[in-house]
Amino acid sequence: MIRFEGVSHRYGAVEALRDVSFAVPAGTLLVLLGESGSGKSTLLRTVNRLIAPTAGRVLLAGRDVAAGDPQALRRGIGYVIQSVGLFPHRSVGANVATVPGLLGWEAGRIDRRVDALLELVGLDPAAYRDRLPATLSGGQAQRVGLARALAADPPVLLMDEPFSALDPATRRGLQSALRRIHAETGKTVLLVTHDVEEAMVLADRIAVMEGGRLAAEGSPSALLGAGGPDVLRRMIRPELLAFHRLAAIPAGTGAVPGPVSGAPDLPEGASMREALLLMLTAGADRAALPGEPPRHLPLAAILAAAAGEGPV
Amino acid sequence: MRALPALAPLAVAAAAAPALLGWIAAAPNRLLSPRVVPLPESATLAWAAFHAALAVLLLAAARPRPAWLAELAAVAAAVALLATVGLGAAGAVPAGGIARAAPAAGAWIGLLALALATATAASLRGGSPALPLLAALAGGAVLGAAGWLDALSLAREAEGRAPEILAALAGHVGLSLGALGLALALAIPLAALSLRARRIEAGFLAAASAIQAVPSLALFGLLIAPLAALATAFPALRAAGLGGIGPAPAVIGIAAYLLLPLARGLLAGFRVAPPDLVEAARGQGLSPRQVLLRLRLPLGAGVVLGALRLAAVQAVGLATLAALVGGGGLGAIVFQGIGQLAADLILLGVLPLLALSLLADAAIGALAGLVPGGRRA
């Protein structure tokens, strides 16, 4: 869906991007992970042409983004930024309606779309449609920002540190909302973050950026394993590496058949990290998986996965 | 609500000045010096109304509630003072004769004190003084239209020169609006381009600042030679009214002066919208023009209107000098009055000038009240 081909960018003497090449398959949620100044935001902004690469090209659905009208390109790509950037003098509804309005949709269709989107991001349309952005909490504002980005149903969503300014509880709520929306809509999502844990929770694929270069690209569990790039070990406390890696491994991969009594029940789609936390809380050495036939996850399977053994 | 202590001395001054220095000065003809005469009985009622309004003003100074009461009282006192002078003059000199009557020094000082009281009360309320001062001028105009001021030499002068003054007023409005329009036509595109390139912004501001360093009359004078040459070279331009002498150098010169306040105001206004908000808007697919019209202009409307207000008042003031390069306007009346040492004639030029300036200020102020965030203007 998105393909970077030898993308480089210079700001004067600073090389922000150096020969970055990789592809993001359609429907994938790819996280661009890196420290400050690694070039991850710059790379994101080459996709909607807010930045023009000084060398290389970016293909979107097979077409070079540098060809054609930049405004038309951007109206076909959702864009969410950390500070949200809602227009302060327009209502929530008018903000969400920005791109459909630019595309000339008729009023009734825009109204229906705005309400559907506010519901999708978990805000009651009747209560929020006419409010001004200043009256919203940070989390609510970012939900509106997400709704605005999705308004014209773009196939691609670009998110630049969308949850970084939020408190941890709000951030977790929005992360799960994004996962749900991604599963429901099948959008191709490119999300920039410096938070390894967030990357593990959200990503189908992770591209790690370092000094303007692509350091590694792969599945979350593979990157946090033994062969992963060194930069990740700098970005988190090393003793937490294995713990975060577990967030990317579904609990089901280590399951063994057979019922178990007196053990906590895992929710649908839980990760190994959630299973470990549940066992710690309950003081159990195994947890029951939902569904039939009965299966359970022993603590040993989690330890094996954390050590990089077993199926990933 | 705090008291308005500054108002009490002004109210006392407005009461004391005419009582001590006289209300009316009369002369048997225009060659003899006027002398202060006692206030005739014909003005007793207006005199009482004046003191009643001053009493209300003192009361409002002690207990400013409602907030507009002090302004209303000051304006009412000023109008009553004018009525006292007008009706008193009618009793002091015979109608239709060659004897002349004018406000005495005391009356002038009283009017000045009340104008100051009005402006003070307005700014203590947090409002613009333009509207109440305009109301006082309008009150004076109503008195004049009703014939209450007919006995004053100023009214007799005005009667004879009404068509001339109206033409000068119309010319002045034309000069001011023409200059403001020309300056906006230059400043808006330049400010918009400045957002894209720092070099354009630096050049724009440097040029606008450099113009301010040239004395205004010198600039008008400097424009005469090139404009005259242009008009000679291109007869079509001359036919369109362009020439070295006349309104053209004045309009161009005034517009050049307005560039700096407009440039600063527009650039500051356009930058009220934070950069990340502009970035988000661009990312949604808004074109540069849409970013300007939908984001920068509404968010910066207060600052932009503030600059427009300043520029409009400056334009009205600078247009007075147009008369010196043959451009007409109210300046022509004022300079004629100065040349003839005719105080009444000078006033006939200055009063409409004052009204025009206050009107421009109040009109743009009212506009600023309508836009969100515009009250800062």
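Sequence lines set the chain letters: A, B, ... in the order given, protein chains first and strands last, and positions in each chain run from 1.
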| field | Test item: side-chain donor near acceptor, Tyr128(A) and Gln140(A), under 3.5 Å | value | yes
| field | Ala183(B) to Leu262(B) - nearest heavy-atom pair and separation | value | CB-CD1, 3.6 Å
| Ser41(A) and Asp160(A): side chain donor to acceptor below 3.5 Å | yes
| task | Under 4.5 Å heavy-atom distance to chain B, tell me which part of Val80(A) shows up: side chain, backbone, both or neither. | result | neither
| Interchain contact, Arg90(A) with chain B, by part (heavy-atom threshold 4.5 Å) | neither
| request: Name the region of Ala273(B), side chain, backbone, both or neither, that has any atom closer than 4.5 Å to a heavy atom of chain A. | output: neither
| Side-chain heavy-atom pair Arg271(B), Leu195(B) within 4.5 angstrom cut-off | yes
| Charged N to carboxylate O under 4.0 angstrom, Arg171(A) versus Asp195(A)? | yes
| Reported OG1-to-CG distance for the pair Thr42(A) and Leu50(A), which is rounded to 0.5 angstrom | 11.0 Å
| query | Is chain A contacted by the side chain of Glu279(B), its backbone, both, or neither, given a heavy-atom distance below 4.5 Å? | reply | both
| Side chains of Ser128(B) and Asp361(B): is there a donor and an acceptor less than 3.5 Å apart? | yes
| Mind checking whether Glu198(A) and Thr193(A) have side chains closer than 4.5 Å, heavy atoms only? | yes
| Are Asp276(B) and Ser83(A) linked by a side-chain donor-acceptor pair shorter than 3.5 Å? | yes
| query | Based on non-hydrogen pairs under 4.5 Å, which of Leu103(A), Thr98(A), Leu102(A) is most in contact with chain B? | reply | Leu102(A)
| request: Anything in residues 52-76 of chain A with a heavy-atom distance to chain B below 4.5 Å? Please list those residues in order. | output: Gln71(A), Arg74(A), Arg75(A)
| request: Return the option, out of Ile77(A), Asn48(A), Leu86(A), Val84(A), with the maximum number of heavy-atom pairs under 4.5 Å with chain B. | output: Leu86(A)
